[in-house]
Every structure is written in C-alpha cells, then in structure tokens.
Undergrad: 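One structure, as structure tokens, below. Some questions next.
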Amino acid sequence: MSLILVIGGYGGFGERLCHRLAAAGHELIVAGRTLAKAQGLCAQLPHARPLIMDRTREIAEVLARERPDLVIDAAGPFQDSGYQVPLACIAARVPYIDLADSTNFVAGIEDLDEVARTAGVAVIAGASSVPALTGAVARKLAAGLDQVHAVDIALSAANRATGGASVIAAILSYVGQPVRVWRSGRWGKAYGWQELRREDFVLSDGSGLRGRYVAIADVPDCVLMPPGLPGHPAVTFRAGTELGFHMVALWLASWAVRWGWLRSLTGAAPFLLPLYRLTERIGGERSAMKIVLWGSRGKERLERSWTIFAERGDGLEVPTLAAEILAAEVLAGRCAPGARTAADMLSFAQFEPRLSKIAVRYEFAERVLRAPLYRRVLGPAFDALPDAVRGLHYVNRDAGAAGEGRVERGRGLAARALARAMGMPPEGSWPLHVAFAERDGVETWTRDFGGHRFTSELSGRAGELIERFGPIRFHFTLPAGERGLSMTLTRWTLFGVLMPRRLAPAIVAREWEEDGRFRFDVAVAMPLAGRIVRYTGWLMPCPPVP
C-alpha cells in the first residue's frame, strides 16, 4: 500500500480522485486549508487522514514529516502558481503529479527537468482532461495521416459540474486576455472567452447536446499540441458552461478587459462566485467534449472526430482519470526521472477501461471531404499546375504562406480613396503573410503586408471562382495550365445586384512558379480613376515549425 498526499483532495476534482485512489488500495493524506472539509471526506474513505496545510508555505515541512510515496496537487488554480510544490518534491525526492490546466504552468514544467533527473524524481504536469486526454485522442485521430492541418477542441461543462471555485478563478484569470495560438503557420493571438459560437455535441444516434456556447480558452493544448502532430497543425480550444447567459455575460466582460477598461476579472472572483452560486442549481448534469481533426492521406482530405457525452455529473470524473493512471505508473516505477508534461505520456487505450465504468458515451467518426476549392473550380486542369501554385491552393481548414510583397498605389485622389476603402496596404515593399481559413468549402484569405491587412472570401463552382469583398462579388474564370493560372473577370455584383460591365474594375491577375516559389501579380484599375493598386511578390508555404 502506497501513501499518497493529495493537495486539494476535498475539492471538485480532488474528491473524485481520492475516491479512485482509495478504491485502488492506496493510503491517503487529504490536505487543504479547511480541516473540516478534509475530515468530512476522510470519513468516507478507508485508510485516509486529514491534514491542514498551505501548499506554498508548508509543503517542505509536510514532506519531511509525512514521507509520502507520491504527491498529487489537485488544488488549483494554477494560473498564477509558482513551482514551490514540485521543487519541494524534487528536494525531498518524492514524485509529483498535478492536474494543472494553465498553459504557462504546464508548458514551463520542463524547466525543472535537469534538476528532477539529477534527483531521480518523476515530475508530471497536466495530468487531466487537458492536455493528457486531449493529447491521447488527437494522436489516435491522427494515426495513418500524412499531415494534420487543424484541430478544433470544444468542451461544454454542465452548470452543476463546473468543478468549483478554482475552475471559476482559472476562467476569470484569462477572460479578455491574449491567448497564444498557432494558426496559419505562425504564432498569433486570440483573446480569452472571445470567438463565441454555438457548438453541437451529437452522437450518431442523435443523442447529445445542441447549441451550447463555447469561447476561446487558454489551455496547454494551444502550445503543446501543434508540434506533437505531423504537419504542425493549427489548434483552437473553446470551452463553455451550460447556461447561455453565463457565456454571453463573460463574453461582454472580455471586451472590457481586451480594450483596457479593466485590467483583469481575477479581482472580481469574490463578487462573481456568490452570483454563480445563486444559479448553481439551474441546468442539468450533462457535459460534453468534441475533438475534430482535419488531415490528409495521399490525395484524400479527411475529417476525423471524437465526441464524448457525460451524464449524471460524471463529466467531473473525466479530468481525474489521467492522474489515476499516471499515479499507478509512477508508483510502479514505470516513469523515468525528469520533469515533463502529460500531453504525450498516455494512449487512449489506457483511458478506455476507466471511461467504461462511468456514465459517459463516446464515439469516433470519419468522413471524406470534397476536393479543395481550386480543384473543384479547375477540374483536371488543377493537376497540371506547377507544384508551387497547386500546393498553395491545397487548403484543408487552415494553411499559411509567407514571403514578400511590393505594393504600388494609384496617384489620383479618387484612386487613393478607393484603395483606402478597399483596405489596401500603403505603397512599398513589405514582409507578407497570407492566412488561409477554409470552412465548408469557402476560403477566407487574410493578406498581411507588414501589419496592414485586408481580407477576401473565395467560393465557387465548376469553372467559376467568386471573390467577395464586403458587398461586392467578382466572378472569374481561371485559364490554367502548366505555366500557372490567370483570372478573367466575367461579371460583378453589388449587394447581389448585377452591375454594368462597363463600370467594372479592370483586374489583371496571374500566378506562376519561379525558382520554386509561388509568384503573383495583381493589378486593379477603375474607369475614370485609373490604377487603384498593384501588388506583386512571392510566397512559400509556412514551414511546420514554431
């Protein structure tokens, strides 16, 4: 029988983990700041005793006195935590596991690797739903693929199963704050609790949850998952609670933080937590998670997904499974010394026996996607394009390219006004990045000339490409061959109304390959105003490295 010290053992996740560890035959020390809560849980468990402690000030003394075989920190929130506990465990030569979901805390644990190796101690961060379970599922979904282009993860928790005050404090810490994300082949910023959208979590039999709000969350997967999958894909994580008005209220508050009106919502936790408690009994006990992965195998474009649906409040069991598994591995001596994240330590097969014992249902699915936009428009001519041109137009959910662009602007007053209205960049040479985002066969191109951005939306059908700038749509044919392609304007509309051809802009655009690079030349002129803008340059697909 091993002795395990569980910090925060009576909390939302800690209590469930203690029940699991006790059922496995371990002796437990349930530690925290409230003795009565620890005593109440210990009364339900065999071989468990309570301990009142402050993890940041008393951990070294407790380790010296109690000599546990393993420490598991389930207290949270970890967003503003230092490494006092794992460092104390390393000094005492006691293995350490935590349930942290803070990006900085989990990703930074590897800074302790050398000292942990020297001490001969295993130190593991992130033994929870993120990044341990999500990483295991993503690797299973990616099996057999040549490249993974994008991963979207969404989590919706039941209102009665949010995990308690530590989870709420963690959420408030990043509402409206910048979140580092890898998209379109480069690091960028999203903002916590923004990009709000509704998500369905539905199994093939039609059961599940529909229309749950989710928004950007700051979790370790955003930085740990891209380099762990072939192709260094874009990764987006959204989370939410059951009640829509909670989500909308936090979304509104996120703008106040993003715009600098509020520094953070962390200080509001003492006021917001009682308000949350007033609504705690509203809603149900059903939670869900969905992981969707877009990849390619040969010429096939595939979408693979995993959806899990939890009932009876058992969604709170899922975050404890990785810690239970890793505790057994550490105590059996199967984890090498060193400090690492749990993101790539477990396989989905290790979770399956435990998932089968709680009130959850899940399933994997796969579907073959239709051809990319330019292949649909060009048909067989697409395969004749030069490699650089064909490769840039192979977009599956997310892609990026970088290079250099040269912008020339018209000189007349009308030309300058039109260029400004179109969002065109100033004249000059600029570093260029183009982000490609594909949804349901429609591509959004965001061209970034040294921080000056303009966006258009591309759709089409056989033989015709349609590019939309706001209310204006341009319809093109694409003469193409082994030398590249060009764009020929056939008609244009404004707010869906067909406009006279004589008023149409003169657009000359072509794409070709030169020195292994994608080259482009686009010129736009208007009747009476003359040249509006011309931009030329080259692009290369963004390399799959951070």
Undergrad: List for me each residue that meets salt bridge (charged side-chain N to carboxylate O under 4.0 Å, His left out) alongside R439, sequence neighbours excluded, and say none if there are none.
TA: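 Salt bridge (charged side-chain N to carboxylate O under 4.0 Å, His left out) list for R439, sorted by chain: empty.
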
Undergrad: Is R334 reaching over with its side chain to a backbone N or O of L331, donor-acceptor style, under 3.5 angstrom?
TA: no

Undergrad: Hey, can you tell me if W255 and W251 have their rings parallel, tilted or perpendicular (30° and 60° cut-offs)?
TA: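 The rings of W255 and W251 stand perpendicular, inter-plane angle above 60°.
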
Undergrad: Please check if any side-chain donor atom of E363 sits under 3.5 Å from a side-chain acceptor atom of S204, or the reverse.
TA: yes

Undergrad: Residues in salt bridge (charged side-chain N to carboxylate O under 4.0 Å, His left out) with E61, at least two apart?
TA: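 Only R65 meet the salt bridge (charged side-chain N to carboxylate O under 4.0 Å, His left out) criterion with E61.
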
Undergrad: Quick test of your reading: applying ring-ring contact (aromatic ring centres under 6.0 Å, His included), list the pairs with at least one residue in residues 113-139, sequence neighbours left out, ordered by first then second residue.
TA: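 Those involving residues 113-139 do not exist here.
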
Undergrad: Using residues 131-145 as the side-chain source, report each donor-acceptor pair under 3.5 Å to any protein atom, sequence neighbours left out, with the distance given to one decimal.
TA:
{"residue": "T134", "atom": "OG1", "partner": "S129", "partner atom": "O", "Å": "3.4"}
{"residue": "T134", "atom": "OG1", "partner": "P131", "partner atom": "O", "Å": "3.3"}
{"residue": "T134", "atom": "OG1", "partner": "D221", "partner atom": "OD2", "Å": "2.4"}
{"residue": "R139", "atom": "NH1", "partner": "G135", "partner atom": "O", "Å": "3.2"}
{"residue": "R139", "atom": "NH1", "partner": "A343", "partner atom": "O", "Å": "2.8"}
{"residue": "R139", "atom": "NH2", "partner": "L346", "partner atom": "O", "Å": "2.4"}

Undergrad: Using 30° and 60° as the class boundaries, would you call the ring planes of Y394 and H149 parallel, tilted or perpendicular?
TA: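 Tilted.
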
Undergrad: Let me confirm one number: the OG-CD distance from S296 to Q147, rounded to the nearest 0.5 Å.
TA: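 If we round to the nearest 0.5 Å, S296:OG and Q147:CD are 5.0 Å apart.
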
Undergrad: Anything under 30° is parallel, anything over 60° is perpendicular, the rest tilted; go ahead and classify W306 against Y362.
TA: tilted

Undergrad: State which residues pass salt bridge (charged side-chain N to carboxylate O under 4.0 Å, His left out) with E300; sequence neighbours excluded, sorted by chain then number.
TA: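 Partners of E300 by the salt bridge (charged side-chain N to carboxylate O under 4.0 Å, His left out) criterion, ordered by chain and then number, come out as R297.
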
Undergrad: What is the minimum heavy-atom distance between G192 and V179, and which atoms define it?
TA: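 Scanning both residues, the minimum pair turns out to be N-CG2, 3.7 Å.
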
Undergrad: Looking at D200 and R212, is any side-chain nitrogen of the basic one under 4.0 Å from a carboxylate oxygen of the acidic one?
TA: no

Undergrad: Could you grab the distance from atom SG of C89 to atom CG of L70, nearest 0.5 Å is fine?
TA: 8.5 Å

Undergrad: Is the closest basic N to carboxylate O distance between R186 and D448 below 4.0 Å?
TA: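 Salt bridge: yes.
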
Undergrad: If the plane angle is over 60° it's perpendicular, under 30° parallel, otherwise tilted; pick one for Y83 and F105.
TA: tilted

Undergrad: What pairs of donor and acceptor atoms, side-chain ones from residues 19-42 against any protein atom, are under 3.5 angstrom apart with sequence neighbours left out?
TA:
{"residue": "R20", "atom": "NE", "partner": "E317", "partner atom": "OE1", "Å": "3.2"}
{"residue": "R20", "atom": "NE", "partner": "T320", "partner atom": "OG1", "Å": "3.3"}
{"residue": "R20", "atom": "NH1", "partner": "E324", "partner atom": "OE1", "Å": "3.0"}

Undergrad: Which pair of heavy atoms, one from S128 and one from P319, lies closest together, and at what distance?
TA: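 Residues S128 and P319, closest heavy atoms: OG-O, 3.1 Å.
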
Undergrad: Under a 4.0 Å threshold between the charged nitrogen and the carboxylate oxygen, would R238 count as salt-bridged to E199?
TA: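 Looking at E199 and R238, the cut-off is not met.
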
Undergrad: Using side-chain hydrogen bond (donor to acceptor under 3.5 Å, both in side chains), reason through D205 and S207 one step at a time and then give a plain yes or no.
TA: CA-CA 6 Å; D205 63 3; S207 63; 2.6 Å; yes

